[in-house]
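A short write-up of the structure that comes next.
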There are 2 protein chains.
Amino acid sequence: MANHDPDLNLIFQALSDPTRRAMLARLGKGAVPVGELARPTGLALPTVMRHLGVLEQAQLIATEKTGRTRMCRARPETLAATADWLAEQRAIWEGRADRLEAYVMTLMQRGDADGPDADD
Amino acid sequence: MANHDPDLNLIFQALSDPTRRAMLARLGKGAVPVGELARPTGLALPTVMRHLGVLEQAQLIATEKTGRTRMCRARPETLAATADWLAEQRAIWEGRADRLEAYVMTLMQRGDADGPDADD
DNA sequence: ATCATGGTTAGCCATAAGACTAAGTATCAC
DNA sequence: GTGATACTTAGTCTTATGGCTAACCATGAT
């Protein structure tokens with residue numbers, strides 16, 4: 001219910017930057033504080049903060065501050081929604097239904113909280 | 001072999017614009033000349049041309065000029081490659097292998113010309 | 001040859017993106 | 001309470017993006 005529908009504009013925009021994709025990849029392995037996330041990029045902290053802002057606005061990550069450190073973690077549902085959009089397009093582009101079937105299969109396999117969510 | 005490896009930067013950047021996604025959607029239903037592609041957008045031709053340039057550079061579409069009209073069509077392989085990247089990330093994010101399995105299944109199911117293409 | 005049609009090039013403008021430095025705020029460790 | 005640590009905020013800079021108009025080139029029809 002807390003799903004403020006994902007905005008493809010923001011999501012794709014966020015994914016279009018290699019630094020951000022790298023940060024996401026690192027976040028895929030677990031939550032990480034801002035500083036650690038920043039170090040491997042070689043960028044200044046404010047720059048990283050901005051990237052995080054973009055990712056958070058796109059709902060690809062969530063952050064939470066505890067004491068003086070801010071933890072960042074990935075939001076899989078958003079990536080899932082994006083994958084769904086792509087799968088849909090692919091099904092259309094390839095002009096047949098079997099792609100869509102396979103994709104629906106994966107949906108059924110997870111069949112948990114973040115369901116099909118046919119909003120578009 | 002004519003696959004000038006897809007660049008995720010360009011692809012996501014291209015997908016981040018709603019106008020371009022709309023053009024892609026239309027292109028999903030078949031090849032269309034520039035003019036027709038432009039009309040529903042309400043944008044000036046040069047603007048549309050630029051969008052097409054972005055899409056073409058990202059290899060999401062291909063265009064070919066015949067006489068004085070230029071035909072545009074979608075490049076499904078590129079979308080597939082992108083979907084693959086997303087599926088990979090999703091598998092990682094969700095911290096287990098069953099996603100990846102499901103995804104590999106779909107790869108096997110198509111198992112035609114545009115296969116896994118482990119060139120990256 | 002002339003003209004309309006369909007696309008292309010060139011150039012302008014406004015806004016947004018990505019990066020930085022410098023200075024500020026808020027913990028936590030002494 | 002001092003000082004280090006971990007972010008934050010503010011402001012600047014450069015380049016890219018998305019939109020336009022105006023003028024140009026190429027092709028098809030008359």
Side-chain angles (χ1 to χ4, degrees), chain A residues 6-27 30-75 78 82, chain B residues 6-27 30-75 78 82:
Chain A
D7 180 336
L8 289 176
N9 287 17
L10 295 180
I11 293 169
F12 284 129
Q13 169 65 31
L15 292 176
S16 76
D17 185 284
T19 299
R20 285 192 292 259
R21 285 201 305 278
M23 295 199 291
L24 280 180
R26 192 159 266 95
L27 247 27
V32 176
V34 173
E36 278 218 21
L37 210 48
R39 190 153 10 96
T41 69
L43 296 173
L45 252 213
T47 306
V48 170
M49 290 293 289
R50 185 173 281 212
H51 281 305
L52 287 176
V54 172
L55 288 170
E56 191 163 22
Q57 245 193 285
Q59 297 181 182
L60 283 164
I61 67 167
T63 74
E64 190 190 352
K65 193 158 183 177
T66 315
R68 63 182 159 174
T69 72
R70 175 177 295 279
M71 271 304 190
C72 310
R73 59 184 222 285
R75 289 261 76 126
T78 306
T82 311
Chain B
D7 179 337
L8 289 176
N9 287 17
L10 295 180
I11 293 169
F12 284 128
Q13 169 65 30
L15 292 176
S16 76
D17 185 284
T19 300
R20 287 192 289 261
R21 285 201 307 278
M23 295 199 290
L24 280 180
R26 192 159 268 94
L27 247 27
V32 176
V34 174
E36 278 218 22
L37 209 47
R39 191 152 8 100
T41 69
L43 296 173
L45 251 213
T47 304
V48 170
M49 291 292 289
R50 186 175 281 212
H51 282 305
L52 287 177
V54 171
L55 288 170
E56 192 163 22
Q57 245 193 285
Q59 298 182 180
L60 284 163
I61 67 167
T63 73
E64 190 190 353
K65 193 159 182 176
T66 316
R68 64 182 158 173
T69 72
R70 178 178 293 277
M71 270 307 189
C72 310
R73 61 182 220 287
R75 287 263 76 122
T78 306
T82 311

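Sequence lines set the chain letters: A, B, ... in the order given, protein chains first and strands last, and positions in each chain run from 1.
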Legend entry - DNA chain D contacts made by residues 63-73 of chain B, counting heavy atoms under 4.0 Å: B/G67, B/R68

Tell me the interatomic distance from [X], atom [atom1], to [N], atom [atom2], rounded to whole angstroms.
X: A/M49; N: D/dG11; atom1: CE; atom2: C1'; answer: 16 Å
X: A/R39; N: D/dC7; atom1: CZ; atom2: C1'; answer: 15 Å
X: B/L15; N: D/dT17; atom1: CG; atom2: C1'; answer: 16 Å

Distances for protein N or O near nucleotides 12-20 of chain C N or O, under 3.5 Å:
{"from": "C/dG18", "atom 1": "OP1", "to": "A/R20", "atom 2": "NH2", "distance (Å)": "3.1"}
{"from": "C/dG18", "atom 1": "OP2", "to": "A/R20", "atom 2": "NH1", "distance (Å)": "3.0"}
{"from": "C/dG18", "atom 1": "OP2", "to": "A/R20", "atom 2": "NH2", "distance (Å)": "3.4"}
{"from": "C/dG18", "atom 1": "N7", "to": "A/R50", "atom 2": "NH1", "distance (Å)": "2.9"}
{"from": "C/dA19", "atom 1": "OP2", "to": "A/H51", "atom 2": "NE2", "distance (Å)": "2.1"}
{"from": "C/dC20", "atom 1": "OP2", "to": "A/A44", "atom 2": "N", "distance (Å)": "3.1"}
{"from": "C/dC20", "atom 1": "OP2", "to": "A/T47", "atom 2": "OG1", "distance (Å)": "2.6"}

Legend entry - Residues in salt bridge (charged side-chain N to carboxylate O under 4.0 Å, His left out) contact with A/R75, at least two apart in sequence or another chain: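 For A/R75 the salt bridge (charged side-chain N to carboxylate O under 4.0 Å, His left out) partners, ignoring immediate neighbours, are A/E77.
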
Show which side-chain atoms of residues 11-27 of chain A pair as donor or acceptor with protein atoms under 3.5 Å away, not counting sequence neighbours.
{"from": "A/S16", "atom 1": "OG", "to": "A/Q13", "atom 2": "O", "distance (Å)": "2.7"}
{"from": "A/D17", "atom 1": "OD1", "to": "A/T19", "atom 2": "N", "distance (Å)": "2.7"}
{"from": "A/D17", "atom 1": "OD1", "to": "A/T19", "atom 2": "OG1", "distance (Å)": "3.4"}
{"from": "A/D17", "atom 1": "OD1", "to": "A/R20", "atom 2": "N", "distance (Å)": "3.2"}
{"from": "A/R20", "atom 1": "NE", "to": "A/A14", "atom 2": "O", "distance (Å)": "2.8"}
{"from": "A/R20", "atom 1": "NH1", "to": "A/H51", "atom 2": "ND1", "distance (Å)": "3.1"}
{"from": "A/R20", "atom 1": "NH2", "to": "A/Q13", "atom 2": "O", "distance (Å)": "3.2"}
{"from": "A/R21", "atom 1": "NH1", "to": "A/L15", "atom 2": "O", "distance (Å)": "2.7"}
{"from": "A/R21", "atom 1": "NH1", "to": "B/N9", "atom 2": "OD1", "distance (Å)": "3.1"}
{"from": "A/R21", "atom 1": "NH2", "to": "B/N9", "atom 2": "OD1", "distance (Å)": "2.6"}

Inset, instruction - Go through DNA chain C and write down every stem, that is, every run of at least three consecutive Watson-Crick or G-U wobble pairs with distances under 3.5 Å, as range with range. - result: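 Stems (3+ consecutive pairs) listed as C:1-30 with D:1-30.
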
What pair of heavy atoms forms the shortest contact from [X] to [Y], and how long is it?
X: B/G30; Y: B/V32; answer: O-CG2, 3.4 Å
X: A/L43; Y: A/T47; answer: CD1-CG2, 4.0 Å
X: B/A31; Y: B/R73; answer: CB-CB, 4.1 Å
X: B/A38; Y: B/L45; answer: CB-CD2, 3.5 Å

Legend entry - OG1-CG distance between A/T78 and A/L10, expressed to the nearest 0.5 angstrom: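 Answer for the OG1-CG pair, A/T78 versus A/L10, is 10.5 Å.
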
Inset, instruction - Find out whether B/M49 and B/V34 are in side-chain contact, i.e. whether some heavy atom of one side chain is under 4.5 Å from a heavy atom of the other. - result: yes

Legend entry - Within residues 45-70 of chain A or reaching into it, pairs that qualify as salt bridge (Lys or Arg N to Asp or Glu O under 4.0 Å) - sequence neighbours excluded: none

Inset, instruction - Verify side-chain contact (heavy atoms from CB on, under 4.5 Å) between B/C72 and B/T63, making sure each step is shown before the conclusion. - result: CA-CA 4 Å; B/C72 310; B/T63 73; 3.9 Å; yes

